[in-house]
Colleague: 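Structure incoming, see below.
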Amino acid sequence: MKTLNTKILTVVGVTLIAAACGDDLTDKTYQGEPRFVVNGVVQSLDASTATVDTFVGVVWYNFAKNGDTISTQVASVSDASFPSEFTLALYDEPASEDLNDYSDAERGTRGYVGTGFIVAFDDLDGDGSLTTSGEMEPAPGDDLLRGMAPGHIAIFARDVNETLRTLLAQENMLIVNPEAMVPGFNLARTVCAEGDEAFDMLEIVPNESVPLESMEYIDNNDSLCLNFT
């Protein structure tokens, strides 16, 4: 039930800002304690043959807006052993416009929930950002989206009330265990739907190692559960 990765690939002008892999975090660059840390391992990406930096970061996807939007957030990678392993540290909350607004006075729901995809790309133009023309194959000037985590999503929750938590757990909504969702950042695992008409969902899980797969692996694996929007 894989559909979402193609939406990421077809958005024009996506920009993902990230700090370089293996940066020396000296006192001059110290940003304080991160709000959220994702530890992961690259499963199926070959070593890059390009003489450019490979970055890992988070793309926030707002599917509640008309037309869907993909936004960006500054993230840093601090593990020099990439691409075999990586540590992704998020120091700032996503912007309000990056979050899905579930506030509805008639239903009594209140709160915002963000969904963020963990991706890897080769920074071919050297500007520290992911830039794409929206084509499946990179056009001149594009960076190369090389992989993403197909089984995990970063979740950000703000001002969520109990009515919304109940709604989120209903069939074809978003999260099977919203009672486990804490304010701020969470890690979620994708859960495959049963039946062709149902949406896949997400399950909040304790922080765990996140496998990151190549886009080739994702494009050739129809069993992945990415159709939760």
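Start at 1 with the first residue, then count along the sequence.
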Colleague: When you compare the side chain of Met148 with that of Ile118, does any pair of heavy atoms fall below 4.5 Å?
Modeller: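 In short, these two side chains do not touch, never coming nearer than 4.5 Å.
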Colleague: Search all heavy atoms of Asn100 against all heavy atoms of Gly114 and return the closest pair with its distance.
Modeller: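 For Asn100 and Gly114, the tightest heavy-atom pair comes out as ND2-CA, 4.3 Å.
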Colleague: Which pair of non-hydrogen atoms, one from Ile155 and one from Ala188, has the smallest distance, and what is that distance?
Modeller: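 Closest pair (atom of Ile155, atom of Ala188, distance): CG1-CB, 3.7 Å.
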Colleague: Drop me the distance from Ser214's OG to Asp219's CG, to the nearest 0.5 angstrom.
Modeller: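 That separation rounds to 8.5 Å.
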Colleague: Return the CE to CG distance between Met201 and Asn177, rounded to the nearest 0.5 Å.
Modeller: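 If I round to the nearest 0.5 Å, the distance is 9.0 Å.
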Colleague: Would you tell me whether Asn39 and Thr87 have side-chain atoms, one donor and one acceptor, within less than 3.5 Å of each other?
Modeller: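 Yes, Thr87 and Asn39 have a side-chain donor paired with an acceptor closer than 3.5 Å.
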Colleague: Test of understanding: clusters of I, L, V, M, F, W, Y form through side-chain heavy atoms closer than 4.5 Å, transitively. Do Val38 and Val205 belong to the same one?
Modeller: yes
Colleague: Check for a donor-acceptor pair, side chain of Asp104 on one end and backbone N or O of Arg107 on the other, with a separation under 3.5 Å.
Modeller: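 Judged by distance alone, yes, a pair lies under 3.5 Å.
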Colleague: Please answer whether the main-chain N or O of Ala105 pairs with a side-chain N or O of Thr109 as donor and acceptor at a distance below 3.5 Å.
Modeller: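 It does not hold such a pair.
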Colleague: Go through the steps to decide whether Leu88 and Phe36 satisfy the test side-chain contact (heavy atoms from CB on, under 4.5 Å), and finish with yes or no.
Modeller: CA-CA 8 Å; Leu88 175 66; Phe36 189 62; over 6 Å; no
Colleague: If every non-hydrogen atom of Asn186 is compared with every non-hydrogen atom of Ala180, which pair is closest and at what distance?
Modeller: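 In terms of heavy atoms, the two residues are closest at OD1-O, 4.1 Å.
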Colleague: Once you round to the nearest 0.5 Å, how far does CD of Glu213 lie from CZ of Arg146?
Modeller: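 Reported to 0.5 Å precision, the distance equals 12.5 Å.
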Colleague: Taking the side chain as every heavy atom from C-beta outward, state whether Val58 and Phe117 have any atom pair closer than 4.5 Å.
Modeller: no
Colleague: Check whether any side-chain heavy atom of Ile204 sits under 4.5 Å from a side-chain heavy atom of Ile175, and report yes or no.
Modeller: yes
Colleague: Is the shortest heavy-atom distance from the side chain of Pro34 to the side chain of Leu90 under 4.5 Å?
Modeller: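 Answer no - side chains too far apart.
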Colleague: OG of Ser96 to CG of Asp101: how many Å apart, nearest 0.5 Å?
Modeller: 9.5 Å
Colleague: Find the distance between CH2 (Trp60) and CD1 (Ile153) and round it off to the nearest 0.5 Å.
Modeller: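 Interatomic distance, Trp60 CH2 to Ile153 CD1, rounded to 0.5 Å: 9.5 Å.
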Colleague: Measure up the Phe156 and Phe185 rings against each other and bin them: parallel (under 30°), tilted (30 to 60°), perpendicular (over 60°).
Modeller: perpendicular
Colleague: Would you indicate whether Tyr112, at its atom OH, is surrounded by more than 12 heavy atoms from other residues, nucleotides or ligands within a distance under 6.0 Å?
Modeller: no
Colleague: Give the minimum heavy-atom separation between Cys192 and Ser223, together with the two atoms involved.
Modeller: SG-O, 3.8 Å
Colleague: Can Arg35 and Glu93 be said to form a salt bridge (charged side-chain N to carboxylate O under 4.0 Å, His left out), step by step?
Modeller: CA-CA 8 Å; Arg35 295 174 182 266; Glu93 297 183 357; 3.6 Å; yes
Colleague: Report yes if the side chains of Val160 and Met181 come closer than 4.5 Å at any heavy-atom pair, otherwise no.
Modeller: yes
Colleague: Flag the pair Leu174 / Leu202 as yes when at least one side-chain heavy-atom distance between them is below 4.5 Å, and no otherwise.
Modeller: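 Yes - at least one pair of side-chain heavy atoms lies under 4.5 Å apart.
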Colleague: Is there side-chain contact between Leu145 and Val119, with heavy atoms separated by less than 4.5 Å?
Modeller: yes
Colleague: Identify the heavy atoms of Thr190 and His152 that sit nearest to each other, and give their distance.
Modeller: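 Thr190 and His152 have their closest heavy atoms at CG2-N, 4.5 Å.
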Colleague: Can you tell me how far the CZ atom of Arg110 sits from the CZ atom of Arg158, to the nearest 0.5 Å?
Modeller: 13.0 Å
Colleague: Kindly give the heavy-atom pair with the smallest separation between Val56 and Leu212, and that separation in Å.
Modeller: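 Looks like CG1-CD1, 4.5 Å.
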Colleague: Go through it in stages, so that I can follow the logic: the residues are Leu224 and Ile218, the test is side-chain contact (heavy atoms from CB on, under 4.5 Å), and I'd like the CA-CA distance, side-chain angles, deciding distance and then a yes or no.
Modeller: CA-CA 7 Å; Leu224 300 177; Ile218 293 169; 3.9 Å; yes
Colleague: I'd like to know if the side chain of Asp98 reaches the main chain of Pro94, judged simply by a donor and an acceptor atom lying under 3.5 Å from each other, with no hydrogens or angles considered.
Modeller: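 It does not hold such a pair.
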